[in-house]
Structure formats: structure tokens, C-alpha cells
Amino acid sequence: MQQKLNLYNTLTRKKEEFEPLHAPFVGMYLCGPTVYGEPHLGHARSAVTFDVLYRYLKYQGYKVRFVRNITDVGHLENDADEGEDKIAKRAKLEHLEPMEVVQHYTNVYHQDMDKLNVLRPDIEPRASGHIIEQIEMIQEILGNGMAYEVNGSVYFDVQAYHKNNKYGKLSGRVIEDLMANTRDTEGQSDKRSPLDFALWKKASPSHIMRWPSPWSDGFPGWHLECSAMSRKYLGTTFDIHGGGLDLMFPHHECEIAQSQASNNHTDAAKYWVHNNMITVNGQKMGKSLGNFINLSELFSGNHAMLEEKYSPMTIRFFILQAHYRSTLDFSNEALQAARKGYTKLMNGLNVLKKLQYPEDGAGIAPDAKLNEDLLKLTEDCFRGMNDDMNTARTIASLFNLLKKINSLHLGQLNIAQLERGTFDTIRSTYGELVLNVLGLQEEQVGDMDDMLHLVLGFYKEAKENKAYDKVDAIRAELKKQGIVIKDMKTGIDWAYEE
RNA sequence: GGUAACGUGGCCGAGUGGCUAGGCUCAGCUCUGCAAAAGCUGCUACAGCGGUUCGAAUCCGCUCGUUACCUCCA
């Protein structure tokens, strides 16, 4: 059995056993959102994927420092020199201060992530709050001869860097190919080479967001903030750097270059982890294609592509049912299936709460084979997690375990046939994986047991009196509340409707 | 054009050489006043062609198809 977590490292293109640099401490950085618009399903996937990694590492006993930034400056519309800052553009459109835009969409992001039960990071730094650190880093890179200043702007010199380093090591790009295929800047740029990227940009007179620097009043380049902030809070080398696959090039490639060219002289992170994209009809969901669905639209059902609204936990389960490195295709059918699967898993949690291990032993001998099988199922759950965080496999194993749990509840299997230890292991594994690691939570009203106990009393009475019209009425009323009655040999119980 | 992936049953989606993925859907059975729930059983698979192998969805080659990155994107 794989005891240890294995992670696919984009840098080596291999699954590697996770070994922290300074156990038990783990440093983890995730590229957060640029807060100029509503978060969509793609943001959710990235956040949920690394939330599960964060949770699982903590579950394994590591002391994790998780940093996820907020990009509030420097992210330009395009690579051209006249590219507009995304946030400034939005601010102009809505007649707001840029920081109002930033605050608004940061709040929305937090609210949506809270709904998805994504844990808040330990540190959530903003790019605009770390201008000094970014300037320092630029000075280091200039000092090491791998950047140059032109007209108040500073650019990273990719070719100078490439002499002693390998630009393209993360994304697998070949610099010569990039040179041959990159669009010509037609002499309009200050850059020496189209591959070079901005570390500092001089602000045009109309540009609102600006800070003083040794070179000009201006603003930092997009790639720089992650390098500066990850170093400040996690050190020159840390364990895990995450992000969406679309950030691999150029963003993460540039981060590595900046880190190597600064006084760090490291790749920044030991493990580079990338989640794949969400697709719609096989095409990437993205801003440029205009086929993205905001989280608020998913939660409310208010979007032309949506047949109904989908709860946050349905979304979370939908994301977790696929492996994070596969593309995941959006469809109403898939989300409806996810909703039912999620509910089934949560009903299992309620069943488990009610199961009691018989104290008297009841004189029944434990079934060795059964115990072995059940323990194997619990191990399978972890085997899935350890194999590159394969939550799809973990969930499949949980469903296998759930069948057994339901059989115990139904009396088809006798709890007394289990060893006490087996029973406890099942209960804790199922509960902790579902709630703490996968981060799924109950969405329905919490403790309805007391109230339902009363109703079920009436139900039982009506049944015993064969007052079936009354029985049917109770069932119908509860069904309206999303509760279904389960008549079993062993008694009457309830469950959420799937 | 360059680079990297992918193509699994009605739908979604795991699975890198031999051992049941799983969820949803559909059909049947058990239970049941009727249901529901749950359990059990079944139904459709590995794009095509060739090769390696005792044995391939899994390795190799070719063909077809799809996508991503190379410009902002999680």
C-alpha cells in the first residue's frame, strides 16, 4: 500500500513522493484570483483542488502555511505596451476607485469560496501591498545582469538568463522555437526581445494605479508579485506551488526565471502542481470565449445554460469526482448526477451516526473475512488520496464502503460480526475523509432528528392503525421538505431525498 | 506552424500489462398495504488499423477525431 502522498510534479513530469523540505512544516503557495470580475467555475476548481491538498496535508499532521494571493495590480489586458490594467479598466467602466473594484470582487470571491467550504489561506497577501518587496527583487535581478531598464521600465532579459539557466524548463518550451514563433513587436516595444517580460512598467499619464520607484512612477509586472510574496512568506524555496494549467506558461515559467535570476537562485518551489481546466462542450471555459458560468449564477440557476440551480456542495462534489489533472466537462446532466451522489454520501454520514456497536457482544463470532474486506475498503480510500490526490478514486472507495454501512444499518450484515476496531475505523475513516479532507458538509438544516422523531411517531401510529391515507399524507408533506421516510424491518428512519 | 495532452459503455468519470472502479440513467429481484429508501442482479466500453507480448483499454507505430498552451485566462 502506498503510505505516502505522491504528487505529480510538473517540473519533472513525474509522480514523486511528497517529502517536505523542513518537515513537519509545509509551505504552499497558490496563485489566487485577479479581482476584476465575478469568480466562475474555473476559479472554483483551482480553489477546491488546492483546498483538498491543504486539508489532506493538515490531516496527515503537517504544519502547513498556505499562502494564496490576491492580484490587485499589474495584470494587463494584453502583452502590448499600451495594454490596460484589468482593474483600472473595470474601475473606469463603473466609475469607481480601483480599490473599490478590488474590495468588491475580493469580497465576492471570499463569499463564494466560503460557500464552497474552501478554507481561507493562512496568509492572503495583495500585490499592491508588496511594492517594496517587488522593487527589491527587481534590483537583485538588475544587479545580476538579467534585466535592463528602458525609458523608466524594466524588463527581464530572457536571453541573458538563458545563457546559464534554462528558460522553458517548466513548460517544456524550447526557447529557439519561441523566438521563431513569437509575434514580432514591430519595433513599438521597448523590449529587446519579444520573449522579455516586464518587471516594472512606467505609468502613462492616464494610468491611475502608480507607485514611485527608482526607475519611474509606475507599477510592477504581473509575474513578479507571486515571486516577491511567496519569498517573503515562505522563503526562497518552499514545498508546493499551485495554479491552473493555463498559468504554467508564461506566468509560472517567469516566476522560476525571476527566482533563479534574483538572489534566491532557486526554482522557488520543489513541487509545481497544476489543475486542469473545466470545459463546456469540450471547449475550455474561459473569459476570452465568453462561455464561463459564474458561481453566483450556478448557485441561483440564473443562466441560460442552466436547467436548475446547483448548490455549492453539488459543485464541490462535481469537481472532486474527477481527477484534478483531467479536464472536466460541464453539463446539466453531470451536475444533476453529482447532486444525487453528494446526497447519497451525506446520507451515509447520518446512517453512521446512528449505528451503535453492541456493548454486550451478543455472542456472535467476528467474521474474519468480512473484517478484512472492510478494512481493505478503508485503505482503498487513502490509496486513492495518496496516488496524486485522486479524489475520484477515493470517492469510489467511499461508495463501496457506504454499501457495507447501509447493509449494517439494514440488518443485512450484523455489526457484531465486526471487530470493535474495524467498526471504529470505518466510522472515523468515512467521517473524516468526507468532512475534513474532501471538505463536504451538510447543506440541509442541521439537527432535525428531534423534530422528525415526533413526526415519525405519528407515522408509526398511523401505520399500525392501518390509516393509510394519513400515512400517505405524512409522507407527502415530508417529501416537500426534501425528507423521505424509510420503512425497514428494523424500524422507521428518514433520509434526505436524492 | 511549434509544443503538450486526450479519444472508455446512454451520460459523467477512474484505471499505465493479467485481478469489480464509482456515480447518474435504464430493467429485474428482495423488502413492502402501495411506495420510497437500501441491498442484490443485469444491460450497453475501452476511436480505427497494425505491431510487441503467453496476455493490452493500458506499451510501440500509423490513420482519423478533439482539445490546450504558444496573447489575458484558474
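By convention in this document, chain letters (A, B, ...) are assigned in the order of the sequence lines, proteins followed by strands, and residues within each chain are numbered from 1.
Every residue was checked against the side chain to side chain donor-acceptor pair (under 3.5 Å) condition with A:Thr327, not counting sequence neighbours, and none meets it.
Between A:Asp388 and the choices A:Lys15, A:Lys4, A:Arg325, the salt bridge (charged side-chain N to carboxylate O under 4.0 Å, His left out) rule is met once, by A:Arg325. When each of A:Ile70, A:Thr71, A:Val35 is checked for a side-chain contact (heavy atoms from CB on, under 4.5 Å) with A:Arg126, only A:Ile70 meets the rule.
If you check every strand for non-hydrogen atoms under 4.0 Å, A:Leu247 touches sugar and phosphate atoms only. Residue A:Ala322 is in sugar-phosphate contact alone, with no base atom involved, counting any heavy-atom pair closer than 4.0 Å across all strands shown. Among the atoms of the strands shown, none is found under 4.0 Å from any heavy atom of A:Gln336. If you check every strand for non-hydrogen atoms under 4.0 Å, A:His274 touches nothing. No engagement by A:Leu345 is indicated, since no non-hydrogen atom pair under 4.0 Å with the nucleic acid exists.
Within the shown strands, B:rG2 is the pairing partner of B:rC69 under the Watson-Crick or G-U definition, both distances less than 3.5 Å. Shown here, B:rG22 forms a base pair with B:rC12; the pair counts as Watson-Crick or G-U wobble because both key distances fall under 3.5 Å. Pairing partner, B:rC29: B:rG39, with both Watson-Crick or wobble hydrogen-bond distances short of 3.5 Å. With a 3.5 Å ceiling on both atom-pair distances, the Watson-Crick or G-U wobble partner of B:rG7 is B:rC64.
Taking atom P on both B:rC46 and B:rG33, the two are 45 Å apart, rounded to the nearest angstrom. B:rU58 and B:rA21 are spaced 16 Å apart, taking the P atom of each and rounding to whole Å. For the C1' atoms, the distance linking B:rC40 with B:rU20 amounts to 14 Å, nearest Å. Between B:rG61 and B:rA4, the distance separating the two P atoms is 13 Å to the nearest Å. Distance check on atom C1': B:rA47 versus B:rG9 gives 14 Å, rounded to whole Å. Here, B:rA45 and B:rA14 have their C1' atoms 13 Å apart, quoted to the whole Å. Spacing of P atoms, B:rC49 relative to B:rA5, comes out at 25 Å, to the nearest Å. Spacing between B:rG23 and B:rU16 at atom C1', rounded to whole Å, works out to 24 Å.
The CZ atom of A:Phe399 sits 14 Å away from the C1' atom of B:rA38 (whole-angstrom rounding). For the pair A:Arg325 CZ and B:rU16 P, the interatomic distance rounds to 10 Å; values are reported in whole Å. Atom CG in A:Asn400 sits about 16 Å away from atom P in B:rG15, given to the nearest Å. Look at NZ on A:Lys404: it is 12 Å from P on B:rG22, rounded to the nearest Å. Atom CG in A:Leu410 sits about 11 Å away from atom C1' in B:rC40, given to the nearest Å. Taking atom CG of A:Asn6 as the reference point, atom P of B:rG15 lies 14 Å away to the nearest angstrom. In this structure, CG of A:Leu335 is placed 13 Å from C1' of B:rG23, rounded to the nearest angstrom. Between A:Ile395 atom CD1 and B:rG22 atom C1' the separation is 9 Å, expressed in whole Å.
We find that A:Lys376 and A:Glu372 are not joined by a salt bridge, their nearest charged nitrogen and carboxylate oxygen being 4.0 Å or further apart. Between A:Lys480 and A:Glu477 a salt bridge is recorded (basic side-chain N to carboxylate O distance below 4.0 Å). A salt bridge does not link A:Arg383 to A:Asp387: none of the charged nitrogens lies less than 4.0 Å from a carboxylate oxygen. We find that A:Lys404 and A:Asp373 are not joined by a salt bridge, their nearest charged nitrogen and carboxylate oxygen being 4.0 Å or further apart. Salt-bridge annotation for A:Asp380 and A:Arg393: absent, with no side-chain N of the basic residue lying under 4.0 Å from a carboxylate O of the acidic one. A salt bridge links A:Asp472 with A:Arg475: the closest approach of a Lys/Arg side-chain nitrogen to an acidic carboxylate oxygen falls below 4.0 angstrom.
Residue A:Asn406 has a polar side-chain atom (N or O) positioned under 4.0 Å from OP1 or OP2 of B:rG39. Between B:rC69 and A:Lys284, a contact under 4.0 Å exists linking OP1 or OP2 to a side-chain N or O.
Of all heavy-atom pairs between A:Ile293 and A:His40, the closest is O-CB, 3.1 Å. Taking all atoms of both residues into account, the shortest heavy-atom contact from A:Leu195 to A:Ile175 is CD1-CG1, 3.6 Å.
Side-chain proximity of A:Gln321 to the nucleotides B:rU67, B:rG22, B:rA74 is greatest for B:rG22. Here the nucleotide nearest the side chain of A:Lys403, chosen from B:rG23, B:rA14, B:rA74, is B:rG23. Considering only side-chain atoms of A:Lys340, the nucleotide from B:rA74, B:rC70, B:rU25 that sits closest is B:rU25. Among the nucleotides B:rC24, B:rA14, B:rA21, the one closest to any side-chain atom of A:His323 is B:rA14. Side-chain atoms of A:Met285 lie closest to B:rA74 of the nucleotides B:rG39, B:rA74, B:rG13. When distances are taken from the side chain of A:Arg393 to each of B:rA36, B:rG15, B:rA74, the shortest belongs to B:rG15.
Residue order along RNA chain B, read from the 5' end via each residue's closest nucleotide, puts A:Ser326 first among A:Ser326 and A:Lys344. When each of A:Gly341 and A:Tyr324 is assigned the nucleotide of RNA chain B with its nearest heavy atom, A:Tyr324 is the one assigned upstream, toward the 5' end.
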All N/O pairs under 3.5 Å across the protein-nucleotides 27-34 of chain B interface:
unit_1: B:rC34; atom_1: O2; unit_2: A:Arg475; atom_2: NH2; d: 3.4
unit_1: B:rC34; atom_1: N3; unit_2: A:Arg475; atom_2: NH2; d: 2.6
unit_1: B:rC34; atom_1: N4; unit_2: A:Arg475; atom_2: NH1; d: 3.1

What does the list of N/O pairs under 3.5 Å between the protein and nucleotides 3-11 of chain B look like, with a distance for each?
unit_1: B:rC11; atom_1: O2'; unit_2: A:Glu333; atom_2: OE1; d: 3.3

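Considering CG of A:Leu352 and CG of A:Asn347, their distance stands at 12.0 Å, rounded to 0.5 Å.
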**Prompt:** Between A:Asn69 and A:Glu225, does a side-chain hydrogen bond (donor to acceptor under 3.5 Å, both in side chains) hold up when you go through it step by step?
**Reply:** CA-CA 9 Å; A:Asn69 70 296; A:Glu225 54 165 294; 2.9 Å; yes

